[in-house]
Amino acid sequence: MAKREPSDADRAEFAAERRKQLELWQSKLTEKVADLVNGDQWQRWLDVAARFTSYSFRNSLLILLQRAEVVRTAGESW
């Protein structure tokens with residue numbers, strides 16, 4: 001049995017559904033980013049990152065999760 005080629009209407013329907021899905025994902029992403037940058041956790045992480053500028057993103061997150069109030073760590077060279 002041969003596969004039939006999608007019609008122009010099928011292609012248009014698929015494109016419309018894809019556009020709708022992309023718009024939904026864009027909306028969710030925008031909402032989540034807004035929550036992140038407006039929340040207290042974002043400001044806390046920025047404070048930690050400002051104190052530990054030579055640390056990687058991952059290490060600054062670990063500091064935030066373990067002891068966000070510290071100003072120096074044993075690994076820092078002063």
Side-chain angles (χ1 to χ4, degrees):
M1 184 179 225
K3 282 178 66 175
R4 78 171 180 91
E5 286 293 315
S7 69
D8 288 340
D10 291 338
R11 287 188 184 103
E13 183 181 343
F14 178 80
E17 186 60 36
R18 185 173 180 167
R19 238 184 336 273
K20 182 179 173 182
Q21 188 66 42
L22 288 173
E23 288 171 3
L24 176 64
W25 290 342
Q26 177 68 36
S27 174
K28 285 183 178 183
L29 179 62
T30 301
E31 179 186 325
K32 295 298 181 185
V33 168
D35 290 346
L36 174 68
V37 298
N38 293 324
D40 293 336
Q41 284 294 84
W42 179 250
Q43 187 60 52
R44 287 182 68 216
W45 179 78
L46 288 176
D47 293 341
V48 168
R51 288 194 307 270
F52 300 100
T53 57
S54 64
Y55 278 42
S56 68
F57 175 74
R58 181 177 180 224
N59 284 339
S60 62
L61 282 179
L62 289 171
I63 292 169
L64 172 65
L65 294 172
Q66 295 172 21
R67 301 268 322 253
E69 71 282 356
V70 300
V71 294
R72 287 185 17 184
T73 64
E76 267 188 290
S77 57
W78 287 88

J.: Side chains of Arg18 and Gln21: donor-acceptor distance under 3.5 Å anywhere?
T.: no
J.: Give the minimum heavy-atom separation between Glu5 and Arg11, together with the two atoms involved.
T.: OE1-NH2, 3.9 Å
J.: Going from CH2 on Trp42 to CG on Leu46, what distance comes out if it is rounded to the nearest 0.5 angstrom?
T.: 5.0 Å
J.: Determine whether a donor-acceptor pair (N or O, by modelled atom type, separation under 3.5 Å) exists between the side chain of Ser27 and the backbone of Glu23.
T.: no
J.: Could you see if Val70 belongs to whatever hydrophobic cluster contains Phe57? Use Ile, Leu, Val, Met, Phe, Trp, Tyr and a side-chain cutoff under 4.5 Å.
T.: yes
J.: So, do Thr73 and Phe52 sit near enough that their side-chain heavy atoms are less than 4.5 Å apart?
T.: yes
J.: Just by modelled atom types, is the Ser7 backbone N or O under 3.5 Å from a matching donor or acceptor in the Asp10 side chain?
T.: yes
J.: If you measure from CG on Leu62 to OG on Ser56, what distance do you get to the nearest 0.5 Å?
T.: 7.5 Å
J.: Output the distance between atom CG (Leu29) and atom NZ (Lys32), rounded to the nearest 0.5 Å.
T.: 10.5 Å
J.: Could Arg19 and Glu17 be called an ion pair, given the rule that one side-chain N must be under 4.0 Å from one carboxylate O?
T.: no
J.: Determine, stepwise, if the pair Arg44 / Asp47 fulfils salt bridge (charged side-chain N to carboxylate O under 4.0 Å, His left out).
T.: CA-CA 5 Å; Arg44 287 182 68 216; Asp47 293 341; over 6 Å; no
J.: Just verifying a value: how many Å separate Asp8 CG and Glu13 CD, rounded to the nearest 0.5 Å?
T.: 13.0 Å
J.: Is atom CG of Asn38 surrounded by more than 12 heavy atoms (other residues, nucleotides or ligands) closer than 6.0 Å?
T.: yes
